2 protein chains.
Amino acid sequence: MKIDNFSTQIFETCLYSRDLEAAKSFYVDKLGFTLYTYVPETLLFLKMKSGMLLIFNPDKSKNKEGLPPHFAEGKQHIAFNIDEEKYEKVKEELKNEDIEIIHEETWPTGSKSFYFEDPEGHVLEFVPASVWD
Amino acid sequence: MKIDNFSTQIFETCLYSRDLEAAKSFYVDKLGFTLYTYVPETLLFLKMKSGMLLIFNPDKSKNKEGLPPHFAEGKQHIAFNIDEEKYEKVKEELKNEDIEIIHEETWPTGSKSFYFEDPEGHVLEFVPASVWD
């Protein structure tokens, strides 16, 4: 089969975090994600314009009944797309929220992307789609 | 800040797998992903219409120099979007590739989604976006 004939994107991406209160403060209060569902100590679902960021307590999602269990431990990495013309502005907004930028990279295309961490230590990035052209 | 003012989607989602040859056979040869980069034992980058699926050997990505390290262990979960009208067709295609469907769920919206696993045991799903409306 050819997945492009059926699907355009990954619509649900999961991160695993035990402190969902801290995740909620960070993703909802600081980054301004739209809260879709929050079940304390269990899950935090966040809606983007196109797709969902699902944050699970791995101790709960590992032992899920009904749906297939899933979980992970570690420092996961995800990247959000950003228009090149909004790149400097989003960097500024993060600084205003006291979020530290841990690395900035200049890619072979000439585009830049930058990295920061969530409270669990997951590695987040804002990246222009053009990096992958 | 309000992330929707800057970003529309998660553009890079990462899975961690040690057997990248098996991952390549599964994602490229069976699911038909477009291969972007493959570095044996290190990384496998796959391109979708909108966004990237990045598969890393965690032993390598954990000790990366230059870029921030990241890694995870476990059974991660991701979901690909699917048009409702192509739902049965994609199920058929997976069966033709001898991929077992491990679960099918009917959601409160009435939409259905189904689950299957990659060679590493990561839990994949095809889900209509309408599930999240």
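Computed from a predicted model, the values in this text were never measured in an experiment. Throughout, protein chains are lettered first and strands after them, A, B, ... in sequence-line order, and every chain is numbered starting at 1.
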Q. P68(B) and K64(B): which non-hydrogen atoms are nearest, and at how many Å?
A. O-CE, 3.9 Å
Q | Per-residue contact mode, K2(B) against chain A (heavy atom under 4.5 angstrom) | A | both
**Q.** Between N96(B), T34(B), V28(B), the one whose heavy-atom pairs under 4.5 Å with chain A are most numerous
**A.** T34(B)
Q: Only one of F33(B), Y36(B), Y27(B), F56(B) passes ring-ring contact (aromatic ring centres under 6.0 Å, His included) with F45(B); say which it is.
A: F56(B)
Q: Of all the heavy-atom pairs spanning P119(A) and A22(A), show the shortest one and how long it is.
A: CG-O, 3.6 Å
Q.
At a heavy-atom distance under 4.5 Å, which candidate from A79(B), A129(B), S50(B) has the highest pair count against chain A?
A. A79(B)
(Q) Tell me which of these, H77(A), K86(A), E97(A), has more heavy-atom pairs under 4.5 Å with chain B than the rest. (A) H77(A)
Q: Flag yes if L67(B) and M52(B) sit in one hydrophobic cluster, no otherwise; membership is Ile, Leu, Val, Met, Phe, Trp, Tyr, and two members link when side-chain heavy atoms are under 4.5 Å apart.
A: yes
Q: Could you walk me through whether E41(A) and R18(A) pass salt bridge (Lys or Arg N to Asp or Glu O under 4.0 Å), step by step?
A: CA-CA 7 Å; E41(A) 288 168 43; R18(A) 286 195 174 78; over 6 Å; no
Q: Using non-hydrogen atoms and a 4.5 Å limit, figure out which bit of D29(B) sits close to chain A: side chain, backbone, both or neither.
A: neither
Q.
Please identify, among T13(B), I78(B), V127(B), the residue contributing the most non-hydrogen atom pairs under 4.5 Å to chain A.
A. T13(B)
Q | Leading residue by heavy atom contact count with chain A [cutoff under 4.5 Å; candidates P58(B), S61(B), A72(B)] | A | A72(B)
(Q) Show the nearest heavy-atom pair for residues V123(A) and P69(B), with the distance to one decimal. (A) CG2-O, 3.6 Å
Q: Specify whether F116(A) and F26(A) have parallel, tilted or perpendicular ring planes, treating 30° as the upper limit for parallel and 60° as the lower limit for perpendicular.
A: tilted
Q | Greatest number of heavy atom pairs closer than 4.5 Å to chain B - which of W132(A), F80(A), Y115(A) | A | W132(A)
Q. Between G32(B), C14(B), G66(B), which residue shows the highest count of heavy-atom pairs closer than 4.5 Å to chain A?
A. G32(B)
Q) Looking at E73(A), E93(A), Q9(A), Q76(A), which one has more heavy-atom pairs under 4.5 Å with chain B than the rest? A) Q9(A)
Q.
Under a 4.5 Å cutoff for heavy-atom pairs, which residue among M1(B), K49(B), M48(B) has the most contacts with chain A?
A. M1(B)
